[in-house]
Amino acid sequence: MCAARDSRKRRLRQLHERAMIAVTNMSRPRIPIYFDYASTLCYIAWRIVTPLENELGFEALWKGVPIAMRDFRARPGRVLGERERQKVLFVAAETGVRVAPPSSWIDSSAALQGSELARDAGVFPAYHDAVFRAAFDDGANIADPEVLDAIAHRVGLDRANFRAAINRDAMSARLAGHKREADEFSALGYPTFILGDFPMIGIQPVESMRLLLGRFIRQRAEEPQA
């Protein structure tokens with residue numbers, strides 16, 4: 001009797017272990033999102049998308065593209081126009097994400113370069129979250145080297161190496177590459193989600209995003225594998 005029980009336990013344990021290996025080996029679909037830390041709409045998107053990643057089983061692949069590279073009106077320090085401000089307030093009200101747009105455009109160039117340094121070091125999620133929180137929850141100036149260096153240190157990056165890499169524009173070519181990719185996808189707004197070959201520009205309430213992203217993930221899962 002005991003031997004039969006032990007044998008059944010072993011079989012159950014083996015099945016569980018095989019299931020865990022299968023789950024580990026399953027690749028989570030990646031959804032590229034072109035963004036900028038200077039964009040309040042991208043902050044709203046981050047707030048909505050982050051909890052959906054585990055819920056829907058995908059990975060958000062955030063790829064920085066400075067708005068100022070495309071639109072001179074978004075140059076750092078320029079005061080937001082009333083139309084720009086009202087657009088953000090409308091989206092914030094529609095999505096239920098409480099945030100006030102900054103009074104002027106943020107200089108995000110160093111923060112975006114830092115995001116790629118963090119990606120290479122394997123700490124992108126922690127860095128990404130910290131920069132968005134600093135800029136929009138705390139109202140900190142993420143263009144200030146001290147603010148950015150403190151974030152880098154907190155997430156485990158070497159402060160001196162981080163600052164030296166930013167000072168020599170170590171990641172500018174990669175950001176330019178993101179821009180070329182985004183242009184090829186006609187990802188001209190912020191944020192832009194790439195769903196297969198389709199660019200979805202902007203952010204919607206969580207219920208709508210859950211439906212849109214969930215449908216895309218199901219369709220991908222049903223596609224024949226090569």
Side-chain angles (χ1 to χ4, degrees), residues 33-53 60 62-119 121 123-160 162-163 165-167 169 171-172 175 178 189-192 201-206 209:
I33 307 171
Y34 294 99
F35 83 102
D36 188 0
Y37 292 122
S39 167
T40 314
L41 298 182
C42 289
Y43 166 83
I44 294 172
W46 165 73
R47 286 277 303 274
I48 288 174
V49 166
T50 300
L52 290 178
E53 284 188 80
W62 298 88
K63 308 188 87 171
V65 179
I67 295 176
M69 289 176 68
R70 290 174 157 173
D71 188 346
F72 73 92
R73 293 171 299 181
R75 66 184 181 276
R78 176 183 165 273
V79 175
L80 263 70
E82 185 59 23
R83 185 175 178 181
E84 294 166 320
R85 184 173 168 278
Q86 288 301 323
K87 178 183 179 182
V88 170
L89 293 176
F90 174 79
V91 174
E94 184 182 43
T95 58
V97 175
R98 296 183 62 182
V99 62
S103 59
S104 58
W105 283 99
I106 297 170
D107 183 351
S108 62
S109 56
L112 288 171
Q113 288 211 42
S115 72
E116 294 304 318
L117 295 169
R119 195 189 309 279
V123 294
F124 178 88
Y127 175 92
H128 189 62
D129 292 2
V131 172
F132 266 136
R133 290 191 187 282
F136 293 97
D137 294 350
D138 303 335
N141 177 14
I142 59 170
D144 183 339
E146 289 298 320
V147 170
L148 211 54
D149 292 355
I151 290 173
H153 178 70
R154 247 188 352 261
V155 303
L157 295 171
D158 180 271
R159 189 190 291 252
F162 177 82
R163 177 50 42 194
I166 286 179
N167 287 343
D169 289 331
M171 292 295 169
S172 59
L175 295 180
H178 291 177
Y190 291 82
T192 297
I201 299 172
I203 186 62
Q204 299 182 35
V206 65
M209 293 302 296

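On a predicted model such as this, the values are computed, not experimentally measured, just so you know.
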Results of salt bridge (Lys or Arg N to Asp or Glu O under 4.0 Å) for R75 - residues two or more places apart only:
none
Please report the closest heavy-atom contact between G77 and S104, naming both atoms and the distance.
O-CB, 3.6 Å
Result for side-chain contact (heavy atoms from CB on, under 4.5 Å) between W105 and one of D71, I67, D36 points to I67
Looking only at non-hydrogen atoms, find the nearest pair between Y127 and A110 and report the distance.
OH-O, 4.2 Å
Check the pair F162 / L148 against side chain to side chain contact (heavy atoms under 4.5 Å, CB included), numbers first and verdict last.
CA-CA 9 Å; F162 177 82; L148 211 54; 4.1 Å; yes
Could you list the residues that satisfy side chain to side chain contact (heavy atoms under 4.5 Å, CB included) with P101, not counting sequence neighbours?
T40, L80, R85, V88, L89
Is the shortest heavy-atom distance from the side chain of I106 to the side chain of F136 under 4.5 Å?
yes
If you look at every heavy atom in L175 and G64, which pair is closest and at what distance?
CD2-O, 3.5 Å
Taking all atoms of both residues into account, what is the closest heavy-atom pair of V91 and I203, and its distance?
CG1-CG2, 3.8 Å
Give me the atom names and distance for the closest heavy-atom approach of R47 to R98.
NH1-O, 4.3 Å
Sidechain N-carboxylate O distance under 4.0 Å for R119, E116:
yes
Parallel, tilted or perpendicular: which one describes the rings of F132 and H128, with boundaries at 30° and 60°?
perpendicular
Determine yes or no for a side-chain-to-main-chain donor-acceptor pair under 3.5 angstrom, with D107 supplying the side chain and A143 the backbone.
no
Scanning both residues in full, the closest heavy-atom pair of S108 with Y37 reads CB-CB, 4.0 Å
Kindly check if the number of other-residue, nucleotide or ligand heavy atoms within 6.0 Å of CZ (R78) is above 12?
yes
Determine, step by step, whether S115 and F124 satisfy the side chain to side chain contact (heavy atoms under 4.5 Å, CB included) criterion, reporting the C-alpha distance in whole Å, the side-chain angles of both residues, the deciding distance to 0.1 Å, and the verdict.
CA-CA 6 Å; S115 72; F124 178 88; 3.7 Å; yes
